[in-house]
Amino acid sequence: AAEGADLLKATQLKARKKRLRFQRSKIHDWGLVALEPIEAEDFVIEYVGELIRPRISDIREGHYEKMGIGSSYLFRLDDGYVVDATKRGGIARFINHSCEPNCYTKVISVEGEKKIFIYAKRHITAGEEITYNYKFPLEEKKIPCNCGSKRCRGSLN
Ligand SMILES: Nc1ncnc2c1ncn2[C@@H]1O[C@H](CN(CC[C@H](N)C(=O)O)CC2CN(CCC(c3ccccc3)c3ccccc3)C2)[C@@H](O)[C@H]1O
C-alpha cells in the first residue's frame with residue numbers, strides 16, 4: 001500500500017499532463033499520438049474505465065461479441081479483474097499494441113482502488129504513436145499483429 005501511495009504521489013507530481021491526441025493509426029484504426037516529446041520513465045496517461053469483477057467482464061465480453069463490437073476496450077488485470085473503458089473510458093483506450101512498445105503499464109492499488117498507469121519506456125518524439133505490450137494470453141484464434149516492428153511476434157495473442 002505504501003509503495004502504491006508513493007508511486008501515486010510521484011506520478012501525480014510528475015504527471016504534468018502530456019498533450020496527446022487520438023487519430024488514425026498506421027497500426028490499427030485509431031491510435032494515440034504524442035503531440036510533444038516525452039522523456040523515458042515519464043508518466044503518460046492513466047487507463048481510465050470501470051473496474052469490473054471477472055464474472056461481470058465475462059458477461060460483458062460475451063455481450064460485446066454478440067453486438068459485433070469484438071475486442072472491446074477491456075484491460076485485464078492479473079487477478080482477473082478488468083478495467084472496461086467501453087462505456088466510460090479515457091482516450092488511453094485507443095492505445096494500440098506493439099511488440100517493441102515505447103510505453104509500459106503499471107497497475108497499482110491505492111486504498112483498494114486499482115489504477116493502471118502508462119509510462120514511457122524510452123524517449124518518445126512528438127508525432128510518435130503511443131504503444132504498450134498488451135500481453136494477451138496465447139490463443140488458438142490469432143489476431144495478426146500490425147505493429148511493424150523488426151521483432152514483431154506476428155500476433156497479439
Ligand atoms: N499491433 C496491432 N496489430 C493489429 N491490431 C491491433 C494492434 N494493436 C491493437 N489492435 C487492435 O485494436 C484492438 C484494441 N483497440 C485499441 C484501439 C483501436 N485501434 C481502435 O481503433 O479502437 C480497442 C478495441 C478495438 N475495438 C473497437 C470497438 C469499437 C468499435 C466496434 C465496431 C466497429 C468500430 C468500433 C466500439 C464502438 C462502440 C462501443 C464500443 C466499442 C475496441 C485490438 O483488440 C486489436 O483488434
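Just so you know, residue 1 is the first one in the sequence shown, and it goes up from there. For ligands, and for the atoms within them, numbers begin at 1 and follow the listed sequence.
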Worksheet item: Between the candidates His97, His28, Arg153, which shows the shortest non-hydrogen contact distance to atom 1 (N) of ligand 1?
Response: His97

Discussion item. What I'd like to find out is whether the side chain of Tyr119 reaches to under 4.5 Å of the side chain of Tyr132, using heavy atoms alone.
Written reply: no

Worksheet item: If you count the atoms of ligand 1 from 1 in the order shown, which ones are under 4.0 Å from a heavy atom of Cys145?
Response: 1 (N), 3 (N)

Donor-acceptor contacts under 3.5 Å from residues 89-100 side chains, at least two apart:
| from | atom 1 | to | atom 2 | distance (Å) |
| --- | --- | --- | --- | --- |
| Arg93 | NH1 | Gly89 | O | 3.2 |
| Arg93 | NH1 | Gly90 | O | 3.1 |
| Asn96 | ND2 | Ser25 | OG | 3.3 |
| Asn96 | ND2 | His28 | O | 3.3 |
| Asn96 | ND2 | Trp30 | O | 3.2 |
| Asn96 | ND2 | Glu129 | OE2 | 2.8 |
| His97 | ND1 | Tyr134 | N | 2.9 |
| Ser98 | OG | Glu100 | N | 3.0 |
| Ser98 | OG | Glu100 | O | 3.3 |
| Glu100 | OE2 | Lys150 | N | 3.0 |
| Glu100 | OE2 | Arg151 | N | 2.9 |

Worksheet item: So, does Lys87 sit close enough to ligand 1 that a heavy atom of it is under 4.0 Å from the ligand?
Response: no

Worksheet entry | Donor-acceptor contact below 3.5 Å, side chain Asn157 vs main chain Ile143 | yes

Worksheet item: Does Tyr134 approach ligand 1 within less than 4.0 angstrom via side chain, backbone, both or neither, non-hydrogen atoms only?
Response: side chain

Worksheet item: Is it the side chain (CB and beyond), the backbone, both or neither of Thr131 that lies under 4.0 Å from ligand 1, heavy atoms counted?
Response: neither

Item to complete: Determine whether Leu20 and Ile45 make a side-chain contact, defined as any pair of heavy atoms from C-beta on separated by less than 4.5 Å.
Response: yes

Discussion item. Less than 4.5 Å apart, side chain to side chain, heavy atoms only: is that true for Ile124 and Arg122?
Written reply: yes

Item to complete: Name all residues meeting the side-chain contact (heavy atoms from CB on, under 4.5 Å) criterion together with Glu36; count only those two or more places apart in sequence or in a different chain, and write none if there are none.
Response: Arg16, Lys18, Arg19

Worksheet item: So is Asn146 polar-close to ligand 1, meaning N/O to N/O under 3.5 Å?
Response: yes

Worksheet item: Looking only at heavy atoms of Cys147, does any of them come nearer than 4.0 Å to an atom of ligand 1?
Response: yes

Worksheet item: Looking only at heavy atoms, which two atoms of Pro144 and Leu156 are closest? And how far apart?
Response: O-CD1, 3.9 Å

Practice prompt. Could you pull out, from Phe136, Tyr73, Trp30, the option with a heavy atom nearest to atom 22 (O) of ligand 1?
Written response: Tyr73

Practice prompt. For ligand 1, indicate whether the residue Pro144 contacts it via side chain, backbone, both or neither (heavy-atom separation under 4.0 Å).
Written response: backbone

Worksheet, complete the sentence: Taking only non-hydrogen atoms of Ile27 and a 4.0 Å limit, the atoms of ligand 1 in range are 1 (N), 2 (C), 3 (N), 7 (C)

Item to complete: Indicate yes or no: at least one non-hydrogen side-chain atom of Leu32 is less than 4.5 angstrom from one of Val44.
Response: no

Discussion item. Looking at ligand 1, would Gly31 count as a contact under a 4.0 Å heavy-atom criterion?
Written reply: no

